[in-house]
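Everything on this sheet refers to the single structure shown next.
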Amino acid sequence: MNVVRQLGNGVFSMNGREWSLLVACLVAIVIFSVASPHYATSGNAATVLRNSVELLLIGLGMTLLLAMGGIDVSIGIVMGLAAIAIGRVLGAGGNPLLALIAGPLVGALLGCVTATVVVIGRVPAIVGTLGLLGVYRTAVFVLLGGQWLSGLPSSLTEVLATSVLGVPVPALAITIAYLAVWLALRRTPYGLHLLAIGNSEEKARLSGIPVIKIRFMTFVVSGVLTGIAAMFYVATYRNVEMTIGSTLALDAIAAVILGGTSILGGRCSLIGTVLGVLLLRILQNGLLLIGVPSLWQPVVTGVLIIGVLGFEAVCNRLPLGRFQRARA
Amino acid sequence: MTEPFLVARNIAKRFGALTALANVDLEIRSGEVLALLGDNGAGKSTFIKILAGAHPPSDGELVIEGNPVAFHSPKDAAASGIATIFQELALSENLSIAENVFLGRELKRSILGIPFLKRKEMRQRVDGLLKELDAHISDPEAPVGSLSGGQRQAVAICRALNLNARLVIMDEPTAALAVAETRKVLALTRRLAARGCAVVLISHNISEVFEVADRIVVFRRGRKVAERLAAETHHEEVVSLITGAHPDVRALEKTN
């Protein structure tokens, strides 16, 4: 089968950057295991993986956005709004299947809003989504009416906490999302067009690429992935708090950049994003266990972003040539 | 001589009160390299932009193989078989050679409604084109960002050929190239004509033009002031045509 052969070729292939991320994850695990007796337990490993679910899904979308030369700093609050929609459906005693539709649907709608502002309205993505972040944050407060949604029925949890053939549903969802995004990026014209746009929108247009359509679509895809992430969030925590998703955009951008995707667009790594998410969550969890207050987590994330980009900038200036080859 | 691929009749272009181009009559033939020469502001660029569909002419008509055409966008020109290779090549440095050649017109097969790239076929086709052009590029999978200026020109030419272009317009293709690279691109230009393409070449380098062009057209102050077969003129004459020192040009400019 052609598809199977195509799948086998490069889905998880890794370059130097990705191997060093894997090594960094392992080193962090070893250090934390030595530093804390509570670290190296199967329960804690499950916690880290559990905490990575939403960020993995959102990170895949963010990888596409950055590869295209875009960004979405409102993505965490988009997940919050999707979570509220799901919570309302569940709270009203709605069918959990309806809640399953509500997440991706709200995500897609908000993706359309973002795309309208950024792609149709031509507002630079960083500014446009920053504006939307302000609007959405207030929307979360208004919709929640100053109160957490809590004690939600467990009906969604029962759907999403199950296993299919021994594989937990979240792991299954992430695998499917990863393969779908990978195929779209590496095996369809869409991926080429996305990377060409990330390299230069003007050149892409001259090459006859439907730039507006591709950019619009990508914001919607990112929204849908975020809506799916919201489902898993609500299923796990069964509440929606005021500050939901407030550090998610920062985390997602950090993980994607750590993974080797260019902040300037045109180059990306999906496996790098996965490893970037894992490293980030391992660090956050480990630091917590050795007694660093969670207040410090965004500091770690921020320093990582600045460190990686600073390191790349310095390496690019060295006469040795580019730190990362321009392999898209 | 066969019928020309494209005939431009009485082409004029005005930008407000400024006349950039007036009364240009020109024939472009398949299998021939036609060089456009002229000082800055002579109207060469305006003329090729009209051919490329980037500007509509204010007056006159374009006829392709006997049929009048009107271009409203570069896409229209491309549909008529005209490909323009601009100085700043519209290539994506982060994509491979094969991907660039097919960008926007990928070969694909549909599986469950999803359009999958036919990567092997595209690679083979590009491999063939590169060999045919004798471009000395061995790996169509290499990123364009790793190529030299001349090799990038070769990729842009491949792209034009792959779009079945029958008229290729090259805007100063050697302007930024080293000597050896320039030689290669000039050879590519000849091969393009040998393949049956019509080639329009804009250049400032007169000796280069003599090396590849069959015909030379000189623009001056928005007019076509001379047309010569390359074999029947020489370097000094062309220079005097460009600067306006030539008696023919003087006579022409006196009557206007």
Side-chain angles (χ1 to χ4, degrees), chain A residues 1-7 9-10 15 66-69 179-214 217 221 260-269 316 321-322 324-328, chain B residues 49 52-54 73-79 83-123 139 141-147 152 155-156 158-160 162-163 165 171:
Chain A
M1 273 287 289
N2 248 322
V3 184
V4 175
R5 207 176 57 222
Q6 283 187 336
L7 272 180
N9 175 16
N15 64 21
L66 287 189
M68 176 177 86
L179 290 178
V181 172
W182 187 88
L183 277 176
L185 193 59
R186 303 293 188 209
R187 291 291 180 267
T188 70
Y190 165 80
L192 289 185
H193 295 175
L194 183 96
L195 291 168
I197 292 170
N199 181 64
S200 158
E201 227 183 292
E202 187 51 33
K203 287 178 177 180
R205 194 173 291 121
L206 283 174
S207 302
I209 289 171
V211 173
I212 292 183
K213 185 179 132 196
I214 299 281
M217 229 168 89
V221 167
T261 295
S262 166
I263 187 82
L264 300 172
R267 169 165 60 81
C268 69
S269 161
N316 283 341
R322 299 286 298 265
Q324 284 275 309
R325 283 263 21 106
R327 175 66 203 134
Chain B
K49 277 184 181 146
S73 74
K75 245 186 179 157
D76 292 347
T84 310
I85 300 175
F86 291 104
Q87 223 169 335
E88 60 290 0
L89 303 168
L91 298 176
S92 297
E93 293 86 353
N94 57 338
L95 301 182
S96 77
I97 295 168
E99 288 164 344
N100 264 287
V101 170
F102 277 94
L103 195 60
R105 305 230 334 205
E106 298 83 2
L107 302 179
K108 53 214 169 197
R109 72 169 72 81
S110 187
I111 300 173
L112 305 171
I114 302 163
F116 284 100
L117 295 167
K118 289 182 171 179
R119 303 201 308 157
K120 206 170 140 204
E121 282 88 334
M122 294 198 287
R123 201 165 51 227
D139 181 14
E141 294 286 283
V144 163
S146 70
L147 300 181
R152 289 182 200 204
V155 174
C158 270
R159 185 172 159 79
N162 191 48
L163 300 176
D171 186 6

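Predicted model, so just to flag it, every value in this text is computed and none were measured. By convention in this document, chain letters (A, B, ...) are assigned in the order of the sequence lines, proteins followed by strands, and residues within each chain are numbered from 1.
Rounding to the nearest 0.5 angstrom, the gap separating the OG atom in B:Ser92 from the NE2 atom in A:His193 is 9.5 Å. If you take CD on B:Glu99 and CE on B:Met122, they are separated by 7.0 Å, rounding to the nearest 0.5 Å. Summarising the geometry, atom CG belonging to A:Leu206 is positioned 11.0 Å from atom CG belonging to B:Leu103; distances are rounded to the nearest 0.5 Å.
Contact of A:Ser207 with chain B is made through backbone and side chain together, with heavy-atom distances under 4.5 Å. When heavy atoms are compared at a cutoff of 4.5 Å, B:Leu107 does not approach chain A at all. Contacts between B:Arg105 and chain A at a heavy-atom distance below 4.5 Å are absent for every atom of the residue.
Between chain B and the options A:Ala184, A:Ala204, A:Pro189, heavy-atom pairs under 4.5 Å are most frequent for A:Pro189.
Two residues are said to be in side-chain contact when any heavy atoms from C-beta on lie closer than 4.5 Å; A:Ile197 and A:Arg205 fail this criterion.
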